[in-house]
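This report refers to the structure that appears directly beneath it.
A note on names: the letters A, B, ... follow the listed sequences, proteins ahead of strands, and every chain is numbered from 1. All values below come from the heavy atoms of this structure, side chains included, with hydrogens, waters and symmetry mates left out.
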Number of protein chains: 2
Amino acid sequence: MSQFSLDDFLPYQLAVVSARVSREFSQIYAEHFDMSVPEWRVLVHLHNAGPVSIREIQARVDMDKSKVSRAASRLEKAGFLTKETNADDRRLLKLGLTEQGYARMEQIIPLANKFEQELLERMGADTDGFRETLLKLLKDNT
Amino acid sequence: MSQFSLDDFLPYQLAVVSARVSREFSQIYAEHFDMSVPEWRVLVHLHNAGPVSIREIQARVDMDKSKVSRAASRLEKAGFLTKETNADDRRLLKLGLTEQGYARMEQIIPLANKFEQELLERMGADTDGFRETLLKLLKDNT
DNA sequence: GCATACTCATATCACTTGCAACGATATCAG
DNA sequence: CTGATATCGTTGCAAGTGATATGAGTATGC
């Protein structure tokens, strides 16, 4: 009969830690502002990249296109971004932050940095090695 | 104006890696057997712990009690476990694997071990340090 | 002993999710 | 050009989710 310890199973450990961390962070901005994880990701990307399409965000932010689309619609309704069609290729949208969108990011980014700082302190030494190893897990093994 | 890179944001990296790994693994057993992550976790715990209550599983396996309850119901319908009421405290259930449940675990555990092995190889050196650091992120900061 | 508060598992609610299908636009072969 | 094929963003749908309510069972205080 096989032995197996869930507690020691790496995919499980990753899932638990990720879920906890994600929840802690989302509580921070759900408390101050009313925002979901997909919305946060879309805002961040627009903040960095300037006007881009849904497709672009989908690729860079690891979310399904319908998720991006719905997040974008909510953000538009809330006044944080605008949608216009790309004149060069009218299948594409051009999403851009509004003044309000930039202002919101200016509020959130310090909170995000502070939260990450706290995480790093919890982790203690060798955070660089940790992150390096973490990213190795992304390698496609087909 | 603040700078912020989502790609370098630890909670984001964790979420992406965890989602990918989880998906890769679940494809393995969704392909062979028809099973979700919550079902897998419940089965594993029963395999290790013997007959226990929903509450017990909830606590040990990091899932909401409604999630456990629903996973258990699906597994019961599929014939992998049985529910009976605990005679000593009739609020509690006693969930136990059936023969079929044990047989299924004997099929899956080798696949799980193989998958984890592949992950560890991808990670390269210092996997122990990585796991140690990973778990430090769990520390409750209230 | 009996009312009250608590605990366990399930049911219900509003909401999110991934997937597939769709309409609109763009590209390409002939 | 024109018909076939591909891509973009949205939407419909079935399934899953967490939070809360519910109902049955148990423990506690007086």
Side-chain angles (χ1 to χ4, degrees), chain A residues 15-16 18-27 29-31 34-42 45-46 51-78 81-96, chain B residues 15-16 18-20 22-27 29-31 34-42 45-46 49 51-78 81-96:
Chain A
V16 171
S18 164
R20 292 265 174 92
V21 167
S22 210
R23 161 170 290 230
E24 275 182 45
F25 179 48
S26 72
Q27 274 176 355
Y29 56 71
E31 180 184 317
D34 183 37
M35 187 176 302
S36 68
V37 173
E39 285 157 30
W40 149 256
R41 288 194 188 173
V42 169
H45 185 65
L46 288 178
V52 289
S53 68
I54 297 267
R55 166 85 190 149
E56 217 274 348
I57 300 176
Q58 169 195 0
R60 298 285 280 94
V61 139
D62 203 61
M63 298 198 306
D64 191 81
K65 64 180 176 174
S66 58
K67 217 168 169 177
V68 177
S69 171
R70 287 188 262 241
S73 295
R74 287 191 295 265
L75 290 167
E76 183 191 28
K77 194 177 292 177
L81 62 77
T82 55
K83 293 182 188 176
E84 47 181 305
T85 43
N86 182 324
D88 295 337
D89 183 342
R90 304 191 20 235
R91 292 171 303 183
L92 301 181
L93 284 184
K94 219 161 48 175
L95 306 180
Chain B
V16 172
S18 163
R20 292 264 174 90
S22 212
R23 161 170 292 230
E24 275 181 45
F25 179 49
S26 73
Q27 274 176 355
Y29 56 71
E31 180 184 316
D34 182 40
M35 187 178 302
S36 68
V37 172
E39 286 157 30
W40 149 256
R41 289 195 188 172
V42 168
H45 184 66
L46 287 178
V52 289
S53 68
I54 297 268
R55 166 83 192 153
E56 218 273 349
I57 300 176
Q58 168 195 0
R60 298 286 279 96
V61 139
D62 203 62
M63 298 198 307
D64 193 81
K65 65 179 175 175
S66 51
K67 222 167 168 175
V68 176
S69 172
R70 286 185 269 238
S73 295
R74 287 190 294 265
L75 289 168
E76 184 192 27
K77 194 175 294 177
L81 61 77
T82 56
K83 294 182 188 177
E84 49 180 303
T85 43
N86 183 324
D88 295 337
D89 182 341
R90 306 195 15 238
R91 292 169 303 183
L92 301 182
L93 284 184
K94 219 161 46 174
L95 306 179

Taking atom [atom2] of [N] as reference, at what distance in whole Å does atom [atom1] of [X] sit?
| X | N | atom1 | atom2 | value |
| --- | --- | --- | --- | --- |
| B/Met35 | D/dA15 | CE | P | 18 Å |
| B/Asp89 | D/dA27 | CG | P | 6 Å |
| A/Leu93 | D/dC8 | CG | P | 12 Å |

field: Polar side chain donor-acceptor pair, B/Lys83 to B/Ser73, under 3.5 angstrom
entry: yes
- request: Report yes or no: do B/Glu56 and B/Ser53 form a side-chain donor-acceptor pair below 3.5 Å?
  value: no
- prompt: D/dC8, D/dG18, D/dT26: which one has an atom nearest the side-chain heavy atoms of B/Arg90?
  reply: D/dT26
- prompt: With respect to the side chain of A/Arg70, which nucleotide from D/dT7, D/dT10, D/dT11 is positioned closest?
  reply: D/dT11
In chain order, what residues pass the salt bridge (charged side-chain N to carboxylate O under 4.0 Å, His left out) check against [X], with sequence neighbours excluded?
| X | value |
| --- | --- |
| A/Glu84 | none |
| A/Arg23 | none |
| B/Arg55 | none |

side-chain contact (heavy atoms from CB on, under 4.5 Å) evaluation trace for B/Val68 with B/Val42: CA-CA 7 Å; B/Val68 176; B/Val42 168; 4.3 Å; yes
query: Judged by atom type as modelled, is there a donor-acceptor pair below 3.5 Å linking the side chain of B/Ser69 to the main-chain atoms of B/Lys65?
result: no
message: Could you work out how much the helix from C/dG1-D/dC30 to C/dG30-D/dC1 bends, comparing the axis of its first five pairs with that of its last five, to 10°?
response: 20°
message: Measuring from atom NZ of A/Lys94 to atom CG of A/Asp88, what distance do you get when rounded to the nearest 0.5 angstrom?
response: 7.5 Å
Considering all heavy atoms of both residues, which atom of [X] and which atom of [Y] are nearest to each other, and what is their separation?
| X | Y | result |
| --- | --- | --- |
| B/Leu81 | B/Ala72 | CD1-O, 3.7 Å |
| A/Ile57 | A/His45 | CG1-CD2, 3.7 Å |
| A/Tyr29 | A/Met35 | CE1-O, 3.2 Å |

- request: Taking heavy atoms of chain B and a 4.0 Å limit, find me the 5'-most and 3'-most nucleotide of DNA chain C within that range.
  value: C/dT7 to C/dC19
- request: Could you tell me whether the phosphate oxygens of D/dG9, OP1 or OP2, come under 4.0 Å of any side-chain nitrogen or oxygen in A/Ser69?
  value: no
- request: Please list residues of residues 53-65 of chain B whose heavy atoms come under 4.0 Å from any atom in DNA chain C, ordered by number; otherwise none.
  value: B/Ser53, B/Ile54, B/Arg55, B/Lys65
statement: Comparing nearest nucleotides in DNA chain C, the 5'-proximal residue of the pair A/Arg91, A/Lys67 is A/Lys67
